[in-house]
Amino acid sequence: MGLFDAILGRSKPVRPDLDQLFAVPSAALTLQAATGFTPTGRGSVCFAGVEGGGFARLQEDVRELLDADTERGGVPVEFSRDAYGYTWLLATHPADDTAGLVNDLHAVNTMLQDGGFGPHLLCSLIGFRNTEGRALALVYLYKRGTFYPFAPLPGTAEKRDNQLELQVRGALGDDLRVEKDLSRWFPVWGAPGL
């Protein structure tokens, strides 16, 4: 960063650090101990869709890689589009295989990044539930290299449990790089894996 950037208040954007995803399995243990939320085995990656043969080939390569274990009982990945036109890839593992799920999400992010589609990556999320069936997600912001909790209130139309989100932030502050700017804690209503 140069002198003029400092004077004008400009800052360099944080570079994505996909290896931050590997902290999720241990953070899941902390989350379970602090709040009772356990992993569901479901996670997803969200990216802005791109037209063209190169992206279509890359999407098929991702499907082929993640579906390699379907003959041994693995669940095939699912692609979907949300109401805003974003593409979601949903990966499913046994609930006790958070490390395997994180490996798949990391692989998808890495393949898209290495394929030149990094600017189209938005977020990844890992789903959690408690014994009452309440949903919670840890959302990884690709462009910020940080996580934040997202806790929709059950039975309501697009309302969040801010108290729970702040509780999770406090519990995971030592385990994950939590996004400090609360205005970046975007809702991901109806996200696959939630």
Trainee: Within this structure, what is the OG-CG distance for the pair S44 and D104, rounded to the nearest 0.5 Å?
Mentor: 12.5 Å
Trainee: Determine whether the aromatic ring centres of residues W189 and F150 are separated by less than 6.0 angstrom.
Mentor: yes
Trainee: Considering only heavy atoms from C-beta outward, does the side chain of T146 approach that of V178 to under 4.5 Å?
Mentor: no
Trainee: Do L21 and L29 share a hydrophobic cluster, counting only Ile, Leu, Val, Met, Phe, Trp and Tyr and linking them when any side-chain heavy atoms are less than 4.5 Å apart?
Mentor: no
Trainee: At what distance, to the nearest 0.5 angstrom, does CZ of F186 lie from CD of E179?
Mentor: 8.5 Å
Trainee: Could you work out, with salt bridge (Lys or Arg N to Asp or Glu O under 4.0 Å) as the rule, every residue matching D161, not counting sequence neighbours?
Mentor: R134
Trainee: Taking C-beta and beyond as the side chain, do L194 and P152 meet within less than 4.5 Å on heavy atoms?
Mentor: yes
Trainee: Quick one, F147 and L172 - any side-chain contact, counting heavy atoms below 4.5 Å?
Mentor: no
Trainee: Any pair with a residue in residues 22-40 that passes side chain to side chain donor-acceptor pair (under 3.5 Å), sequence neighbours left out, goes on the list, sorted by first then second residue, please.
Mentor: T30-D175
Trainee: Just checking F117: does its CZ atom have more than 12 heavy atoms from other residues, nucleotides or ligands closer to it than 6.0 angstrom?
Mentor: yes
Trainee: What is the distance from atom OG1 of T92 to atom CD of E78, rounded to the nearest 0.5 Å?
Mentor: 6.0 Å
Trainee: When H106 is tested against each of N109, V108, N103, T110 for side-chain contact (heavy atoms from CB on, under 4.5 Å), which residue passes?
Mentor: T110
Trainee: Could you tell me if the side chain of V77 sits less than 4.5 Å from the side chain of L90, heavy atoms only?
Mentor: no
Trainee: Should V139 and L153 be regarded as members of a common hydrophobic cluster, given that ILVMFWY residues are connected when their side-chain heavy atoms come within less than 4.5 Å of each other, either directly or indirectly?
Mentor: no
Trainee: Working to the nearest 0.5 angstrom, can you tell me the gap between L164 CG and R169 CZ?
Mentor: 12.5 Å
Trainee: Looking at D181, I'd like to know if its CG atom is crowded, meaning that more than 12 non-hydrogen atoms belonging to other residues, nucleotides or ligands lie closer than 6.0 Å.
Mentor: yes
Trainee: Where does the angle between the aromatic ring planes of Y148 and W185 fall among parallel (under 30°), tilted (30 to 60°) and perpendicular (over 60°)?
Mentor: parallel
Trainee: How long is the straight-line distance from CZ of F128 back to CG of L138, given to the nearest 0.5 Å?
Mentor: 4.5 Å
Trainee: I'd like to check C123 versus W88 (side-chain heavy atoms, cut-off strictly below 4.5 Å). Are they in contact?
Mentor: yes
Trainee: With the 4.5 Å side-chain cut-off for hydrophobic clustering, are V102 and M111 part of the same group?
Mentor: yes
Trainee: Only one of V45, L122, V24, L18 forms a side-chain contact (heavy atoms from CB on, under 4.5 Å) with Y140, so which one is it?
Mentor: L18
Trainee: Kindly compute the distance separating CG (L136) from CZ (F37), expressed to the nearest 0.5 Å.
Mentor: 5.0 Å
Trainee: Taking the side chain as every heavy atom from C-beta outward, state whether F47 and L112 have any pair of such atoms under 4.5 Å apart.
Mentor: yes
Trainee: Do L125 and V188 pass the side-chain contact (heavy atoms from CB on, under 4.5 Å) test, and can you show the C-alpha distance, the side-chain angles, and the key distance before you say yes or no?
Mentor: CA-CA 9 Å; L125 69 83; V188 285; 4.1 Å; yes
